[in-house]
Number of protein chains: 2
Amino acid sequence: MPNKRFKKFLSVKGFKFTKEREEIFSEIMLIEGHFDPDELFITMKTKGSKVSRASIYRTIPLLVDGGLIEKVEMTDRHAHYEKKPGKRHHDHMICSICGKVIEFYSPELEKLQESICRKEKFKALRHSLEIMGRCGDCG
Amino acid sequence: MPNKRFKKFLSVKGFKFTKEREEIFSEIMLIEGHFDPDELFITMKTKGSKVSRASIYRTIPLLVDGGLIEKVEMTDRHAHYEKKPGKRHHDHMICSICGKVIEFYSPELEKLQESICRKEKFKALRHSLEIMGRCGDCG
DNA sequence: CATTTAATTGAGATTTAGTCTCAGTTTAAA
DNA sequence: TTTAAACTGAGACTAAATCTCAATTAAATG
Ligand SMILES: [Mn+2]
Ligand SMILES: [Mn+2]
Ligand SMILES: [Zn+2]
Ligand SMILES: [Zn+2]
């Protein structure tokens, strides 16, 4: 389970493996698709969790650093994340009419980006590509 | 001057060409590189402008819609923009160590994106690609 | 197991980017 | 001109994210 990876990451970094962090982490692992910290907080609270909003906002960057989730930074005013393993990297098309999000992955595009970075002597760690426009349904 | 383009855009959309909008627009055109709305407000205020923060926040989306500026949405907590004409579209590599921003433009990459969108029946209007990592200087 | 200490927590205050309200003003078309 | 709709500024408001600090807890050490 990815639980092991999280535990490992924490100990390597000298952070503690607390029940709050575990709870937050495993709740996130249940989520299919995007989530935002506050909606996660509400969900957990509804389920009876005592974990605070502060702990959620503190744990999320740890998970990002540990490579377990990634920021997808939607068009909205607040940050969105999604878990990384289980779903390989992909980019987004976002319809500005209906809000639909089309996930896509193009190996050619990824390759091309890598070669561009190489040319600039830039060591890419992650990237975010969002294409805004109108989806097929919205003409 | 791009001023004409802005005026045209406003009249086509049925919006009014006010002195506030003109002032904001021409101030932006003076800026080389990125800016954020609040720093623009301070700059203008310092120069003696009476334009309100609200008008700045109201005018910026108009300029984006009109294709005169674009959101670059930096890693920060608030939005950044930059003027579009004079400088053709480009994407960004951002060094997470020193913060350096490398602007690049790859016609191949743009072409590839277009063809991917066509495949999804998605009509792309704009996009933002940010590659995070470490620049040459930062190893 | 008991001790110790630095990390972590929750509650709520604080910050701040961005939006909204509304009465008064301005634009531009007629 | 006149007129109607668009626009403005001041400041209230919203909400995402961060911070504060006293109390708690993980986990290393003996
Ligand atoms: Mn990609
Ligand atoms: Mn591009
Ligand atoms: Zn759509
Ligand atoms: Zn650097």
Is [Y] close to [X] at the side-chain level, that is, under 4.5 Å between some pair of heavy atoms?
| X | Y | answer |
| --- | --- | --- |
| B/L40 | B/D36 | no |
| B/V64 | B/E70 | no |
| B/F35 | B/T43 | no |

Figure out the [atom1]/[atom2] separation between [X] and [N], and round it to whole Å.
| X | N | atom1 | atom2 | value |
| --- | --- | --- | --- | --- |
| A/K71 | D/dA16 | NZ | P | 14 Å |
| A/I56 | D/dA16 | CD1 | P | 13 Å |
| B/E22 | C/dT26 | CD | P | 16 Å |
| A/E39 | D/dA15 | CD | P | 15 Å |

**Complete:** Expected string for nucleotides 11-24 of chain C under the B/S/- scheme (protein heavy atoms, under 4.0 Å, primed atoms plus P, OP1, OP2 as sugar-phosphate) is B-----SSBBB---

**Item:** nucleotides 25-30 of chain D: protein proximity per nucleotide (B base, S sugar-phosphate only, - neither; heavy atom, under 4.0 Å)
**Value:** BBS---

**Prompt:** Is there a donor in the side chain of B/E82 and an acceptor in the side chain of B/H90, or the other way round, less than 3.5 Å apart?
**Reply:** yes

Looking at [Y] and [X], is there a salt bridge between them, counting it only when a charged N and a carboxylate O are closer than 4.0 Å?
| X | Y | result |
| --- | --- | --- |
| A/K47 | A/E27 | yes |
| A/E22 | A/K7 | no |
| A/E32 | A/K83 | yes |

**Prompt:** In degrees, rounded to 10°, what is the bend between the two ends of the helix from C/dC1-D/dG30 to C/dA30-D/dT1, using five pairs at each?
**Reply:**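 Rounded to the nearest 10 degrees, the bend comes out at 40°.
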
**Message:** Assigning hydrophobic clusters by single linkage (Ile, Leu, Val, Met, Phe, Trp, Tyr; side-chain heavy-atom cutoff under 4.5 Å), is B/Y57 placed with B/F25?
**Reply:** no

**Item:** Heavy-atom pair of closest approach, residues B/I56 and B/P37
**Value:** CG2-O, 3.9 Å

**Request:** Compute the centroid of each ring, for A/H80 and then for A/H92, and state whether the two points are separated by less than 6.0 Å.
**Result:**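 For A/H80 and A/H92, the ring centres are not under 6.0 Å apart.
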
